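Since we're looking at a predicted model, the values are computed, not measured.
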Amino acid sequence: MPVADFADMMPASVSISPRTDVDGAGKPTFGTAVSYKARIEMRNVRSRDAQGREIVGRGIVFLATTTIPGSNSKITLPAGYDPLVPVLLEVRPVPDEYGTHHVELIIG
């Protein structure tokens with residue numbers, strides 16, 4: 001599927017802020033948010049945590065980008081979603097024959 005056709009299926013916009021540091025109280029700090037065209041599907045999605053245990057995410061966000069966000073980034077969904085800032089459980093780059101085609105984010 002051509003990338004332009006794929007992007008047509010992205011009706012939403014999400015913001016992703018990279019984690020930059022941790023303050024003295026242990027709270028993460030984040031950099032400037034970048035907006036991406038996205039498709040958000042709220043449904044159970046199986047994933048694995050850092051220890052290899054199976055977990056179930058609340059949804060999947062398809063991003064129309066080849067930029068792979070860090071797994072400790074902060075994602076902000078559009079108004080109407082609850083929570084507005086879900087936990088980012090997994091980052092899945094999806095390849096095609098030319099490299100990364102798009103990115104899937106599993107959210108909790």
- Task: Could you tell me which residues satisfy salt bridge (Lys or Arg N to Asp or Glu O under 4.0 Å) with R58, sequence neighbours excluded, listed by chain and number?
- Result: none
- Message: Let me check something: do V56 and L88 share a hydrophobic cluster, defined by ILVMFWY side-chain heavy atoms less than 4.5 Å apart, either directly or through other members?
- Response: no
How long is the straight-line distance from [atom2] of [Y] back to [atom1] of [X], given to the nearest 0.5 Å?
X	Y	atom1	atom2	result
S17	N72	OG	CG	11.5 Å
R39	H102	CZ	NE2	11.5 Å
N44	I55	CG	CD1	12.0 Å
D49	I106	CG	CD1	13.5 Å

- Query: Do we see a donor-acceptor contact under 3.5 Å between the side chains of S35 and S15?
  - Reply: no
Beyond-backbone contact of [X] with [Y], side-chain heavy atoms, under 4.5 angstrom:
X	Y	result
M42	D82	no
V61	I75	yes
D8	M10	no
M9	F62	no
L84	T76	yes
V103	V91	yes

- Run the salt-bridge test on K27 and D23 with the 4.0 Å N-O cut-off and return the result as yes or no. no
- Item | Stepwise side-chain contact (heavy atoms from CB on, under 4.5 Å) test for D21 and F30 | CA-CA 7 Å; D21 206 354; F30 296 92; over 6 Å; no
- Message: Just checking R46: does its CZ atom have more than 12 heavy atoms from other residues, nucleotides or ligands closer to it than 6.0 angstrom?
- Response: no
- Item | Test side-chain contact (heavy atoms from CB on, under 4.5 Å) applied to R92 and V45, step by step | CA-CA 12 Å; R92 296 178 180 172; V45 181; 4.3 Å; yes
- Query: Does S47 have any side chain to side chain donor-acceptor pair (under 3.5 Å) partners at least two apart in sequence or in another chain, and if so, which?
  - Reply: E90
- Message: Could you go through L63 and V14, starting from their C-alpha distance and side-chain angles, then the distance that decides it, and tell me whether this counts as side-chain contact (heavy atoms from CB on, under 4.5 Å)?
- Response: CA-CA 9 Å; L63 297 179; V14 299; 3.5 Å; yes
- Note on the structure: side chain to side chain contact (heavy atoms under 4.5 Å, CB included) test vs I107 passes for just one of V87, I60, L77, namely L77
- Specify the closest pair of heavy atoms between P93 and T100, including all atoms of both residues, with the distance to one decimal. CB-CG2, 4.3 Å
- What do the steps show when you test I16 against K74 for side-chain contact (heavy atoms from CB on, under 4.5 Å), and what is the final call? CA-CA 6 Å; I16 298 180; K74 177 175 74 171; over 6 Å; no
